[in-house]
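Structure first, then comments.
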Amino acid sequence: MATIERPSSAFLTVATFVGFSLYILGCTPPKPEQQEPAANNDQAAPEPDQAQADTGTTGKYSPVKARARDFYAPNTEDLGPDEMRLIACGTGMPTARPKQAASCWLLELGNGDKFIFDVGTGSAERIAALQIPYNYLDKVFLSHLHTDHFGDLDALFVGGALAGRQRPLRVWGPSGETPERGTKYALEHLRKALTWDLDGRQGLTDPRGYHLDVTEFDYMGVNEIVYQENGVTIRTIPAIHALDGPVSFIVEWNGFKFVFGGDTYPNKWYAKYATGADLAIHECFVAVPDMIEKFKFTPQSALAVGTQIHTAPEAFGKVMSIIKPRMAVAYHFFKDFDTTAAISDRIRTTYDGPLSLSIDYMVWNITKDDIRVRMAIVDEDVWPPPATDKPQLADPATRIPYSDAISNGRLDMKKVIQPTYDEINKQYGINEKQE
Ligand SMILES: [Zn+2]
Ligand SMILES: [Zn+2]
């Protein structure tokens, strides 16, 4: 049974303090004991409640009692009715790597709604690690059509349907300057590219998830509503990146404002409409020297891509100084021991507010009073979570048969497979027969 983790009151106080001080630590939450003053024997003895939460000589520690954890374990915490949880499922570059998938963000609201913003290359496995039933993961918003922002849509679409999404995948994305550069065109053709995959699944499993429900909206819309359901309003603003078309999203719910910025050169719409966000994500590209030395770009390309097509760290800081969010979140760089300092130092030339330099599996719990930042620890042996609705049996009559030439190539395995049929027919009270 899932339970809410309830840290001690002293820890909550610490967590609040941490909320304001995380930025100097690159968002690694300090352990509670780091913030507690050392016990002073000259002071009066603490009250019993305080003693429980105190450190050192007051007996809080025990060889058999667990201390409060400071990581997020998927599928172990309820979400409060007035709480939002954001999980980074991709924070890196178009060339995905084991440590960082490309852009993908899961926003979970206390009303039960969940939204995926971008589903970049490599991110589908991060989503899987969160152990959320796929029926709850049926809404995807694309900032633009670079593969590092939608390259795993096929994986989420097909893999999600196979693992319990019993409804179409709803996708919202921008139009382009021409119809061929819009989301509708891209996804119609993605669906066509999957013809062999989808035809081959007919008649085998629940068919209801293998459909895309695409809503293309005007990329030129300025603070225009593209989604309004269940008390949640999502608007878009234009972004300036590569070609006309990219956008950023602004989510409003329950008095919260969450902004997801897609790739962009710093722009006036973000500066205006992201102002005062509780949490504002904005791209922050690899520092130019590292683009050249580590990513092997030419100096010319590094300058053009790193400062003109994208947002340089110094420019990211400038944007955040304008909009002053409760928490600024930077992404779109390889975050390593030898690159993080350069990003941080450059941002700090223009911004001194709360900051998360994001990495995959970073988690933000956002309430009116606090923003708690942790890392998720995931189970790599994860299996699909349960489907939330009763499965619909596939109709075997809809299967597309092999040609005779291929079908006749089957070795005779009936005798060795029949025991499995017998076992399952008996266990589940069914009467399936081999082909
Ligand atoms: Zn892009
Ligand atoms: Zn990108």
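Order of appearance sets the numbers: ligands from 1, and atoms from 1 within every ligand. Numbers here are sequence positions counted from 1. All of these numbers come straight from a predicted model, not from anything done at the bench.
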Is the distance from the ring center of [X] to that of [Y] below 6.0 Å?
X      : Y      : answer
Tyr265 : Tyr270 : no
Phe115 : Phe260 : no
Phe285 : Phe316 : no
His241 : His149 : no

Original post:
Around Lys272, counting heavy atoms of other residues, nucleotides and ligands shown, do more than 12 lie under 6.0 Å from its NZ?
Top reply: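 No.
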Original post:
Backbone or side chain, does His144 get an N/O/S atom under 2.8 Å to the Zn ion (ligand 2)?
Top reply: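 It does not: His144 brings no N, O or S atom closer than 2.8 Å to the Zn ion (ligand 2).
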Original post:
Would you say Asp148 has an N, O or S atom lying under 2.8 Å from the Zn ion (ligand 2)?
Top reply: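 It does: Asp148 brings an N, O or S atom closer than 2.8 Å to the Zn ion (ligand 2).
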Original post:
Do any N/O/S atoms of His241 come under 2.8 Å of the Zn ion (ligand 1)?
Top reply: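 Short answer: yes, at least one N, O or S atom is under the cut-off.
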Original post:
Counting backbone and side chain alike, does His310 bring an N/O/S atom below 2.8 Å of the Zn ion (ligand 1)?
Top reply: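 Given the 2.8 Å cut-off, His310 does not count as a ligand of the Zn ion (ligand 1).
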**OP:** Please name the atom of His146, restricted to N, O or S, that is closest to the Zn ion (ligand 1).
**Re:**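 Looking only at N, O and S atoms of His146, the one nearest the Zn ion (ligand 1) is named ND1.
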Subject >> Considering only N, O or S atoms of Asp263, the one closest to the Zn ion (ligand 1) >> reply: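 This turns out to be OD2.
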